[in-house]
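This is a predicted model, so every value here is computed, not measured.
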Amino acid sequence: MRGFLILLLFALAVAGAWAQSGVRKSMLLEATAYTSSVRETDSTPFITATGMRTRLGVLAVSPDLLKVLPYGTKVRLRDLGSVHGRGRGQFDYLFRDRVFVVADVMHPRMREKVDVWLPDRATALRFGRRLVELQVVEYPRR
């Protein structure tokens, strides 16, 4: 009986480690864009919630998503077009071959959304509200 219990615990530990390392979670989310201006952020517009400096590849998530996408999570994005169904792939040039890192958080009123940091306001306004497919590449080590 004791040998069976040890074998069962070992099997569960291996299965858990395998599941954590092998699972690539994919989500469909609404995305917007933001820049480092005081009117879009707080009094430290070039510093994220984690202390990282803003750059292309920084992603802010709504507070409810921090449970499934904690700070430090690395993801890839794919542009699925505007929320009205137009312009699919228009911003893939920003997403292609780029791994984004969750390093910032959005206002608490936001739910199930991501915010992509962009260097200029004109591009952020053109980005608008879009649907993106988010695929987790790597979760942070605990």
Side-chain angles (χ1 to χ4, degrees), residues 3-142:
F4 176 74
L5 184 59
I6 290 172
L7 182 62
L8 179 63
L9 289 174
F10 178 74
L12 288 173
V14 168
W18 178 76
Q20 274 189 337
S21 65
V23 172
R24 303 244 167 154
K25 189 170 187 167
S26 185
M27 304 166 138
L28 182 66
L29 296 167
E30 185 177 316
T32 52
Y34 74 109
T35 63
S36 290
S37 70
V38 176
R39 71 181 182 195
E40 295 180 57
T41 61
D42 59 14
S43 62
T44 57
F46 290 96
I47 307 298
T48 67
T50 60
M52 178 187 284
R53 185 146 176 90
T54 55
R55 62 170 173 77
L56 195 54
V58 165
L59 194 67
V61 297
S62 55
D64 61 318
L65 288 178
L66 279 175
K67 295 172 189 155
V68 291
L69 298 170
Y71 291 128
T73 303
K74 294 178 181 175
V75 301
R76 290 195 187 277
L77 299 176
R78 189 167 61 105
D79 179 15
L80 300 178
S82 74
V83 292
H84 303 293
R86 294 186 292 273
R88 182 184 183 115
Q90 183 178 352
F91 288 89
D92 276 342
Y93 73 96
L94 289 173
F95 301 159
R96 191 176 304 116
D97 301 324
R98 186 175 313 277
V99 174
F100 289 80
V101 63
V102 176
D104 214 349
V105 66
M106 298 171 77
H107 192 278
R109 73 176 179 270
M110 299 298 172
R111 295 278 180 252
E112 295 185 14
K113 294 182 181 179
V114 295
D115 219 359
V116 179
W117 184 88
L118 293 176
D120 66 282
R121 191 166 196 278
T123 307
L125 289 173
R126 263 195 1 252
F127 189 88
R129 288 176 39 223
R130 309 190 74 70
L131 294 177
V132 295
E133 179 185 1
L134 179 144
Q135 184 178 19
V136 175
V137 173
E138 180 182 334
Y139 285 104
R141 293 197 175 119
R142 296 189 189 256

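Between Ser62 and Asp64, the closest heavy-atom pair is OG-OD1, 2.5 Å. Across every non-hydrogen atom of Thr54 and Val58, the tightest pair is CA-CG2, 4.3 Å. Here the closest heavy-atom approach between residue Leu69 and residue Met27 is recorded as CD1-SD, 4.0 Å. Across all non-hydrogen atoms, the minimal contact from Tyr93 to Arg126 is OH-NH2, 3.6 Å. When all heavy atoms are compared, the tightest approach of Glu133 to Ser26 is OE2-OG, 3.1 Å. Taking each heavy atom of Thr35 and Leu118 in turn, the nearest pair found is CG2-O, 3.3 Å.
One finds the CG atom of Leu59 at 12.0 Å from the CZ atom of Arg98 (value rounded to the nearest 0.5 Å). To the nearest 0.5 angstrom, Arg53 atom CZ is 8.5 Å from Trp117 atom CH2. The NZ atom of Lys25 lies 5.0 Å from the OH atom of Tyr139; values are rounded to the nearest 0.5 Å. Taking CD from Glu112 and CE from Met106, the interatomic distance works out to 12.0 Å, rounded to the nearest 0.5 Å. One distance of note links OG of Ser37 with CG of Asp120; it measures 11.5 Å at 0.5 Å rounding. Here Ser36 contributes atom OG and Ile47 contributes atom CD1; the two are 8.5 Å apart, rounded to the nearest 0.5 Å.
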Would Leu134 and Leu28 satisfy side chain to side chain contact (heavy atoms under 4.5 Å, CB included), going step by step from the backbone distance to the final call? CA-CA 6 Å; Leu134 179 144; Leu28 182 66; over 6 Å; no

Go through it in stages, so that I can follow the logic: the residues are Tyr71 and Asp104, the test is side chain to side chain donor-acceptor pair (under 3.5 Å), and I'd like the CA-CA distance, side-chain angles, deciding distance and then a yes or no. CA-CA 7 Å; Tyr71 291 128; Asp104 214 349; 5.8 Å; no

Begin with the C-alpha distance, continue with both residues' side-chain angles, and end with the deciding distance and a verdict on side chain to side chain contact (heavy atoms under 4.5 Å, CB included) for Arg78 and Leu80. CA-CA 6 Å; Arg78 189 167 61 105; Leu80 300 178; 3.7 Å; yes

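Taking 4.0 Å as the cut-off between side-chain N and carboxylate O, Arg129 and Glu30 count as a salt-bridged pair. Note on Arg88 versus Asp79: no salt bridge recorded, every NZ/NE/NH1/NH2 to OD/OE distance being 4.0 Å or above.
In this structure, Arg130 contributes its side chain and Gly87 its backbone to a donor-acceptor pair below 3.5 Å. No donor-acceptor pair under 3.5 Å is formed between the side chain of Asp92 and the backbone N or O of Phe95. For the pair Arg86 (side chain) and Val83 (backbone), a donor-acceptor distance under 3.5 Å is absent.
Applying side chain to side chain contact (heavy atoms under 4.5 Å, CB included) to Val105 and the options Thr48, Leu66, Asp115 leaves one that passes, Leu66.
Residues Thr50 and Val101 are not in side-chain contact: their nearest non-hydrogen atoms beyond the backbone lie 4.5 Å or more apart. Side-chain contact check for Thr73 versus Phe100: every heavy-atom pair is 4.5 Å or farther apart.
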